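This report refers to the structure that appears directly beneath it.
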Amino acid sequence: MSKINKIEEELPYKEIGDYPDFFSQGNIIKRLIDGLGYRYYWATESLKESDLSYRISTDSRTFLETLEHISDLSEFVLRIVQQQYSDEILEKRKLSFKEIRVKTLNELKKASQILSKVSDDEMKSFEIKIKQEDSKITLPFWNTLNGPISDAIYHTGQIVIFRRALKNPINSNVDIFTGKNNRTI
């Protein structure tokens, strides 16, 4: 078994898991990221290599380009919750589909784990930190919700639609309401 295949077997978000015992700002955002991770896991599970070049129109992204964009968003979210600066243009590495999937799911999980340990007082100081050329920009953490997290959810939905168009729909046992699958998969 190859290293990537072994890593894929251990990926997070096959199920969301139990919800936290208490509400906190970090736990609420954590659960939002967990919902994204679960949706992304199943939207990308059992994709075919032949699907990756599909584009819905000539001026749209391909399946693979959409996955790369979601990967960039997951990296951005992780840097935000780690309170690290994000460069305006993230370093582009050419990754395979499997590498993108592993990277994205693990970054979402790591962001979720960090948020589960952040107190409400600590959340008050969270902000988005961006380096652009010679300047540094900060934005309120709120923009993380309507920005990269919402954008990643939106594009994950596009992946689901692409799959339907290609007659390769996601597994029908996936239950996004509970975050657990209806039957053992």
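The structure presented is a predicted model; accordingly, all values stated were derived computationally and were not measured.
Taking 4.5 Å as the limit, some side-chain heavy atom of Leu73 sits within range of a side-chain heavy atom of His155. Residues Leu67 and Leu52 are in side-chain contact: their nearest non-hydrogen atoms beyond the backbone lie under 4.5 Å apart. The shortest side-chain heavy-atom distance between Arg79 and Glu107 does not fall under the 4.5 Å cut-off. Looking at Leu64 and Ser53, their side chains never come closer than 4.5 Å, going by heavy atoms from C-beta outward. By the 4.5 Å heavy-atom criterion applied to side chains, Gln83 and Lys129 are counted as neighbours. Residues Thr44 and Phe97 have side chains in contact (heavy-atom distance under 4.5 Å, counting atoms from C-beta outward). Taking the side chain as every heavy atom from C-beta outward, Met123 and Ile29 approach each other to under 4.5 Å. Val102 is not listed as a side-chain neighbour of Leu95, based on a closest heavy-atom distance of 4.5 Å or more.
Summarising the geometry of Ile149 relative to Leu36, their closest heavy-atom pair is O-CD2, 4.4 Å, with the distance given to 0.1 Å. Residue Ser116 comes nearest to Asn27 through the heavy atom pair CA-OD1, 3.6 Å, listed as atom of the first residue, atom of the second, then distance. Taking both residues in full, the closest heavy atoms of Ile114 and Val81 are given as CG2-O, 3.7 Å, listed atom of the first, atom of the second, then distance.
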Intermediate values then yes/no, side-chain hydrogen bond (donor to acceptor under 3.5 Å, both in side chains), Asn168 and Asp51: CA-CA 9 Å; Asn168 181 17; Asp51 294 341; 2.8 Å; yes

side-chain hydrogen bond (donor to acceptor under 3.5 Å, both in side chains) assessment of Tyr38 paired with Asn181: CA-CA 10 Å; Tyr38 180 73; Asn181 301 326; 2.5 Å; yes

Derivation and outcome, side-chain hydrogen bond (donor to acceptor under 3.5 Å, both in side chains), residues Glu122 and Ser119: CA-CA 5 Å; Glu122 291 171 311; Ser119 73; 3.3 Å; yes

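Cation-pi check for Lys109 over Tyr13 is met; the charged atom lies under 6.0 angstrom from the ring centroid and within 45 degrees of its normal. A cation-pi geometry, defined here as NZ or CZ lying under 6.0 Å from the six-membered ring centre and within 45° of its normal, does not hold between Arg55 and Phe162.
Under 4.0 Å is where a charged nitrogen must lie from a carboxylate oxygen, and between Lys30 and Asp34 at least one such pair does. Between Lys103 and Glu99, no side-chain nitrogen of the basic residue sits less than 4.0 Å from a carboxylate oxygen of the acidic one, so the salt-bridge criterion is not met.
Remark: the backbone N or O of Leu108 is not paired with any side-chain donor or acceptor of Ser112 at under 3.5 angstrom. Using modelled atom types, one side-chain atom of Asp120 and one backbone atom of Gln25 make a donor-acceptor pair closer than 3.5 Å. Ser150 places no side-chain N or O within 3.5 Å of a backbone atom of Gly147 that could act as its donor or acceptor partner.
The local environment of CG in Asn146 is crowded, with over 12 non-hydrogen atoms from other residues, nucleotides or ligands closer than 6.0 Å. Other residues, nucleotides and ligands place more than 12 heavy atoms under 6.0 Å from the OH atom of Tyr85.
Of the listed residues (Arg163, Arg101, Lys14, Lys98), just one forms a salt bridge (Lys or Arg N to Asp or Glu O under 4.0 Å) with Glu45, and that residue is Arg101.
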